[in-house]
Amino acid sequence: MDRYNRSKISEAKFRQLVKLFAIDLDASQIAQVAGLNRNTVNRYLTAIRQRVAEFCEQESPVFGEVEVDESYFGPRRVKGQHGRGAGCKTIVFGIFKRQGKVYTEIVPDCSRKTLQAIIRGRVGLDSVIHSDGWRGYWGLVDLGYQKHFRVNHAENEFANGRNHINGIESFWGYAKTRLARFRGMKKHLFLWHLKECEFRFNHRGQDIYKALLKIVRARPLF
């Protein structure tokens with residue numbers, strides 16, 4: 001009897017499930033290849049994504065050259081609704097360390113108070129911050145960030161030497177393309193899938209299977 005016995009799958013089956021998840025098969029494909037019940041697979045995948053999300057939240061504060069930006073996930077904008085995040089979209093704020101990792105967080109709005117509270121908690125004061133011209137980033141110098149550079153997208157400025165946010169925008173493109181596979185995703189599952197995107201992006205070029213096993217060994221799923 002092992003620690004994965006609650007759903008009556010063996011250690012070998014569990015490792016197979018994790019390996020198939022690591023190579024990015026969906027629940028239906030994993031169930032078919034592994035010979036497991038679809039509901040059992042879904043239960044395990046949700047639990048794995050929850051552990052991945054917890055792992056991502058434990059990452060240390062970011063130092064160095066950092067890009068910050070917000071993006072909107074969900075249905076297309078509804079006719080007649082305007083403004084940032086219009087159309088019942090989920091707002092996600094992101095921090096990307098150049099040549100490093102990304103961190104994401106679902107936020108209720110794009111106000112200065114909301115965005116700067118996350119930046120203060122996640123970005124070291126001696127960092128160099130790059131952003132667009134959104135007013136939510138105004139006043140970072142007053143908080144102690146002496147190096148804050150902006151690109152003005154409103155005036156079609158997208159890069160000026162090292163001043164750009166191409167890294168975080170690359171992640172947004174990756175995440176949206178990947179999440180488009182999960183049509184009709186339930187809203188309460190969005191965070192787990194978002195954090196999975198974050199985890200996969202941060203471990204690009206690495207052995208994701210081994211990284212996942214390390215996470216679930218540190219904190220078993222059930």
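- Evaluation of the salt bridge (Lys or Arg N to Asp or Glu O under 4.0 Å) rule for R181 yields D24 as partners, not counting sequence neighbours.
- Defined by atom type and a distance below 3.5 Å, a donor-acceptor pair is missing between the side-chain atoms of K187 and T90.
- Side-chain N or O atoms of Y145 include one that pairs as donor or acceptor with a backbone N or O of I119 at under 3.5 Å.
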Given side-chain contact (heavy atoms from CB on, under 4.5 Å), test V92 with W172 step by step and report yes or no.
-> CA-CA 10 Å; V92 179; W172 296 140; 3.8 Å; yes
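- Hydrophobic clustering (side-chain heavy atoms under 4.5 Å, transitive across Ile, Leu, Val, Met, Phe, Trp, Tyr) groups V33 together with I9.
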Let me see the working for V62 and Y103 under side-chain contact (heavy atoms from CB on, under 4.5 Å), right down to the final yes or no.
-> CA-CA 9 Å; V62 177; Y103 168 80; 5.7 Å; no
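- When all heavy atoms of T114 and D109 are compared, the closest pair comes out as OG1-OD1, 2.7 Å.
- The side-chain tip of K97 does not point at the ring of F63 from less than 6.0 angstrom away and within 45° of straight on.
- With rounding to the nearest 0.5 Å, the separation of NE2 in H164 from CG in D132 is 14.0 Å.
- A chain of hydrophobic side-chain contacts below 4.5 Å, direct or via other Ile, Leu, Val, Met, Phe, Trp or Tyr residues, connects W192 to L179.
- Nearest heavy-atom pair across V141 and Q146 is O-NE2, 3.8 Å.
- Applying the side-chain contact (heavy atoms from CB on, under 4.5 Å) test to R112 and every residue at least two apart in sequence or in another chain returns Q116, W138.
- Between I168 and I165 the shortest heavy-atom distance is CG2-O, 3.3 Å.
- Between the NZ atom in K19 and the CD1 atom in I30 there is a gap of 13.0 Å [rounded to 0.5 Å].
- T177 contributes a side-chain N or O that, together with a main-chain N or O of G173, makes up a donor-acceptor pair within less than 3.5 Å.
- Aromatic pair F190/F73: ring centres closer than 6.0 Å.
- Of all non-hydrogen atoms in L143 and L125, the two that sit nearest each other are O-CD2, 3.6 Å.
- Residues V52 and K195 approach most closely at CG1-O, 3.8 Å, considering heavy atoms.
- Counting only heavy atoms from C-beta outward, the side chains of V68 and F93 approach each other to under 4.5 Å.
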Is there a side-chain contact (heavy atoms from CB on, under 4.5 Å) between E54 and E57 once you walk through the steps?
-> CA-CA 5 Å; E54 292 166 0; E57 288 296 322; 5.8 Å; no
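- Note on ring orientation: taking the six-membered ring where Trp is involved, the planes of H148 and Y137 are perpendicular (angle over 60°, cut-offs 30° and 60°).
- Figure legend: R200 and F171 shown without cation-pi pairing, the cationic atom not lying both under 6.0 angstrom from the six-membered ring centre and within 45 degrees of its axis.
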Show your working on side-chain contact (heavy atoms from CB on, under 4.5 Å) between S71 and K176 and close with a plain yes or no.
-> CA-CA 10 Å; S71 193; K176 289 180 179 181; 2.8 Å; yes
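- Across every non-hydrogen atom of A27 and V41, the tightest pair is O-CG1, 3.8 Å.
- Side-chain atoms of T40 never come within 3.5 Å of backbone atoms of L36 as a donor-acceptor pair (strictly under, hydrogens ignored).
- Under a 4.0 Å N-O distance rule, the pair R178/E196 qualifies as a salt bridge.
- For the pair R43 and F222, the cation-pi test (distance below 6.0 Å, angle within 45°) is passed.
- Side chain of R51 to backbone of P220: a donor-acceptor contact under 3.5 angstrom is found.
- In terms of hydrophobic clustering, with Ile, Leu, Val, Met, Phe, Trp and Tyr side chains grouped at heavy-atom distances under 4.5 Å, I118 and V123 are assigned to a common cluster.
- In this structure, D69 contributes its side chain and I95 its backbone to no donor-acceptor pair below 3.5 Å.
- To the nearest 0.5 Å, the span separating CZ on F14 from OH on Y44 amounts to 7.0 Å.
- The distance from the CD atom of E105 to the SG atom of C56 is 12.0 Å, given to the nearest 0.5 Å.
- Interatomic distance, CZ of R49 versus CG of L221, reported as 12.5 Å (0.5 Å rounding).
- F149 has its side chain out of reach of I129: every pair of non-hydrogen atoms, C-beta onward, lies at least 4.5 Å apart.
- Between the side chain of E67 and the main chain of F96, no donor-acceptor pair closer than 3.5 Å is present.
- By the rule that hydrophobic residues join a cluster once side-chain heavy atoms approach within less than 4.5 Å of another member, W134 and I91 end up as members of one cluster.
- Between E65 and K147 no salt bridge is recorded (no basic side-chain N to carboxylate O distance below 4.0 Å).
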Using distance only, find each side-chain donor-acceptor pair of residues 207-215 under 3.5 Å and give its atom names and separation, not counting sequence neighbours.
| residue | atom | partner | partner atom | Å |
| --- | --- | --- | --- | --- |
| D207 | OD1 | Y209 | N | 3.1 |
| D207 | OD1 | K210 | N | 3.1 |

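- Below 30°, between 30° and 60°, or above 60°: for Y174 and F201 the angle between ring planes is between 30° and 60°, a tilted geometry.
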